Amino acid sequence: MRCSRPIRKTVVDRARFPGLQVIAGHWGEVALFYLDHTGFFGEAGRLRQPLADYFKQNFWVAGSGTNSPRYLRWTAEVMGTDRMLYSTDYPFTFGFRPGGFPYVDTSNGAARSFLENSPFTDGQKADIGHRNWERLTARAAISALES
């Protein structure tokens, strides 16, 4: 799991970048589906907390144009809507795979309607759509000013 490497190498635990924030695209690059099975990484790597806790504190998850209601719900369940970023993979999801994966085409408003039709409150949709990004980038700007 490449997303767990910065954690396993103790980069965010007790080394150089304890406040490091990572954006994982494509619904967390599958890592979210394995967090229940990664408890041994914490013990083997002598981490201070379970691997899943690092994901919830140091990772933000973006959909990257994969308009899957299942992945959207799973990400919200695992990470919470306050760590989700909505994004597309333009131009790579611009309907150039005829007959391919049914969630590829995010053109003609499909990306926007996916978020608008999601099962979240208007506030959560605004968080996912733009406010979480604003919060993350404001955090980065403050860190840059402090260093």
Side-chain angles (χ1 to χ4, degrees), residues 1-94 101-107 109-147:
M1 291 180 13
R2 67 178 168 214
C3 289
S4 68
R5 186 177 178 134
I7 298 166
R8 290 181 291 121
K9 295 294 184 183
T10 68
V11 170
V12 296
D13 195 29
R14 45 184 174 261
R16 300 166 286 203
F17 307 106
L20 179 69
Q21 298 296 296
V22 177
I23 298 172
H26 304 103
W27 298 118
E29 304 294 350
V30 189
L32 301 181
F33 297 98
Y34 291 96
L35 287 181
D36 291 341
H37 302 287
T38 58
F40 67 93
F41 281 138
E43 294 172 21
R46 296 188 182 107
L47 299 177
R48 295 180 181 178
Q49 57 190 6
L51 189 65
D53 290 353
Y54 290 101
F55 268 87
K56 293 173 185 173
Q57 295 165 12
N58 297 90
F59 280 76
W60 301 75
V61 177
S64 306
T66 306
N67 292 348
S68 168
R70 225 179 353 192
Y71 294 170
L72 179 77
R73 287 189 308 270
W74 182 253
T75 302
E77 182 179 327
V78 173
M79 299 294 290
T81 56
D82 61 327
R83 302 296 285 191
M84 294 171 65
L85 305 168
Y86 191 69
S87 64
T88 66
D89 255 356
Y90 179 84
F92 301 107
T93 57
F94 201 65
F101 188 61
Y103 302 110
V104 169
D105 189 1
T106 56
S107 61
R112 182 182 180 131
S113 65
F114 175 71
L115 184 57
E116 287 174 345
N117 296 322
S118 67
F120 305 121
T121 66
D122 288 343
Q124 290 170 317
K125 291 175 189 179
D127 288 344
I128 296 165
H130 66 92
R131 288 194 300 221
N132 289 343
W133 174 255
E134 293 162 0
R135 193 164 43 101
L136 174 61
T137 55
R139 182 180 188 164
I142 291 168
S143 292
L145 290 173
E146 290 175 348
S147 56

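Just so it is clear, the model here is predicted, and its values are computed rather than measured. FYI, side chains are in, hydrogens and waters are out, and symmetry mates aren't considered; it's all heavy atoms of this structure.
Annotation for Ser87 and Ser64: closest pair OG-N, 3.0 Å, computed over non-hydrogen atoms. Taking every heavy atom of both residues into account, Arg83 and Met79 meet most closely at CG-O, 3.7 Å. The heavy-atom pair separating Leu115 from Gly129 by the smallest distance is CD2-CA, 3.7 Å.
Aromatic ring pairs are classed by plane angle as parallel below 30°, tilted from 30° to 60° and perpendicular above 60°; the pair Phe33 and Tyr71 is perpendicular.
Using a 4.5 Å heavy-atom cutoff, the side chains of Val22 and Asn58 are not in contact. For the pair Val61 and Val78, the minimum side-chain heavy-atom distance is 4.5 Å or more. Taking 4.5 Å as the limit, some side-chain heavy atom of Phe114 sits within range of a side-chain heavy atom of Pro69. In this structure the side chain of Tyr54 never reaches within 4.5 angstrom of the side chain of Leu35, judged on heavy atoms. Annotation: side chain of Trp27 is in contact with side chain of Met84 (closest heavy-atom distance under 4.5 Å). At least one side-chain heavy atom of Trp133 sits under 4.5 Å from a side-chain heavy atom of Ile23.
Under the 3.5 Å distance criterion, the side-chain polar atoms of Arg73 are left unmatched by any main-chain donor or acceptor of Pro119. Although no hydrogens or angles enter the test, the distance criterion places a donor-acceptor pair under 3.5 Å between the side chain of Gln21 and the main chain of Gln57. With Trp60 contributing its side chain and Leu136 its backbone, the two residues share no donor-acceptor pair below 3.5 Å.
Residues satisfying the side-chain contact (heavy atoms from CB on, under 4.5 Å) criterion with Asp127, sequence neighbours excluded, are Arg131, Asn132.
The CG atom of Asn67 lies 3.5 Å from the OH atom of Tyr86; values are rounded to the nearest 0.5 Å. Of the inter-residue distances, the one linking Arg70 atom CZ with Thr75 atom OG1 reads 12.0 Å to the nearest 0.5 angstrom.
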